[in-house]
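Below you'll find the structure, written out as structure tokens, and then a few comments.
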Amino acid sequence: MVAQASRMVAEESRTMHQQHDPKNPARRNFFAEGASVVIGGIIGVVPVVAGARVLLDPLRRKSKNGAAIRVASLEALPPDGVPRKFPVISTRTDAWNKSTAPIGAVYLRRTPEGVVTALNVVCPHAGCFVDFVMDKNCYLCPCHNSTFKTDGAIGDAKSPSARALDSLEVEVRGGKDVWVKFQNFQAGHAEKIPCT
Ligand code: FES
């Protein structure tokens with residue numbers, strides 16, 4: 001009886017020793033496999049979460065056309081009715097990086113009444129960039145001399161452009177930031193046909 005009890009104690013001791021033995025390969029493999037499962041899970045989940053954020057957040061869907069983009073502060077636009085040119089910078093966010101790139105430009109104008117308007121700088125005739133000529137108070141296209149009034153309407157009947165400058169949707173957010181729904185339109189048509 002005593003001998004049997006001694007054998008049981010010895011067996012138990014050996015089992016406990018194996019469980020705490022760092023050289024025990026079976027135990028090492030168990031922990032290594034467990035760690036690789038956890039790390040693999042983390043590596044797999046992070047891109048999925050980041051991708052979901054990109055897909056679900058509308059402001060992160062940065063298509064070149066039709067995206068609402070912050071263009072300027074309202075402070076940068078004096079209420080004098082004079083158009084001012086601003087670049088349109090698109091922000092692209094993928095799983096790991098955030099980058100910016102210019103995708104166009106707009107003329108913003110704030111009237112003394114506080115109305116803010118936006119025009120795409122691209123001439124609807126054939127796609128050149130128009131300039132605002134301060135002393136003539138109009139836009140002039142340097143390519144074929146189309147002219148446009150400050151509100152974008154065709155300036156004179158001889159202008160080859162078939163339509164006015166392309167107006168864009170504007171929103172002043174929080175009373176301080178000017179956001180524009182930026183869009184390019186096909187040149188050479190009397191109607192505004194969005195580029196895709
Ligand atoms: S591209 Fe502007 S007038 Fe021709």
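Every value quoted in this text rests on a predicted model; they were computed, and no experiment measured them. Because only heavy atoms are used, hydrogens play no part in the values below, and waters and symmetry mates are left out as well, while side chains stay in. Start at 1 and go down the list; that is how both ligands and their atoms are numbered.
Checking side-chain atoms of Gln183 against main-chain N and O of Cys195 turns up a donor-acceptor pair under 3.5 Å. No donor-acceptor pair closer than 3.5 Å links the side chain of Arg110 to the backbone N or O of Val116. Looking only at distances, no side-chain donor or acceptor of Arg109 sits under 3.5 Å from a matching main-chain atom of Asp151.
For atom 4 (Fe) of ligand 1, the set of protein N/O/S atoms nearer than 2.8 Å consists of His125 ND1, His144 ND1, ordered by chain and number.
Exactly one residue among Leu168, Val180, Leu165 makes a side-chain contact (heavy atoms from CB on, under 4.5 Å) with Asn120. That residue is Leu168.
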Legend entry - Residues Cys128, Cys143; criterion disulfide bond (SG atoms under 2.5 Å apart); working and verdict: CA-CA 7 Å; Cys128 295; Cys143 292; 1.9 Å; yes
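In the hydrophobic clustering of ILVMFWY residues, with side-chain heavy atoms under 4.5 Å counting as a link, Ile103 and Phe129 come out apart.
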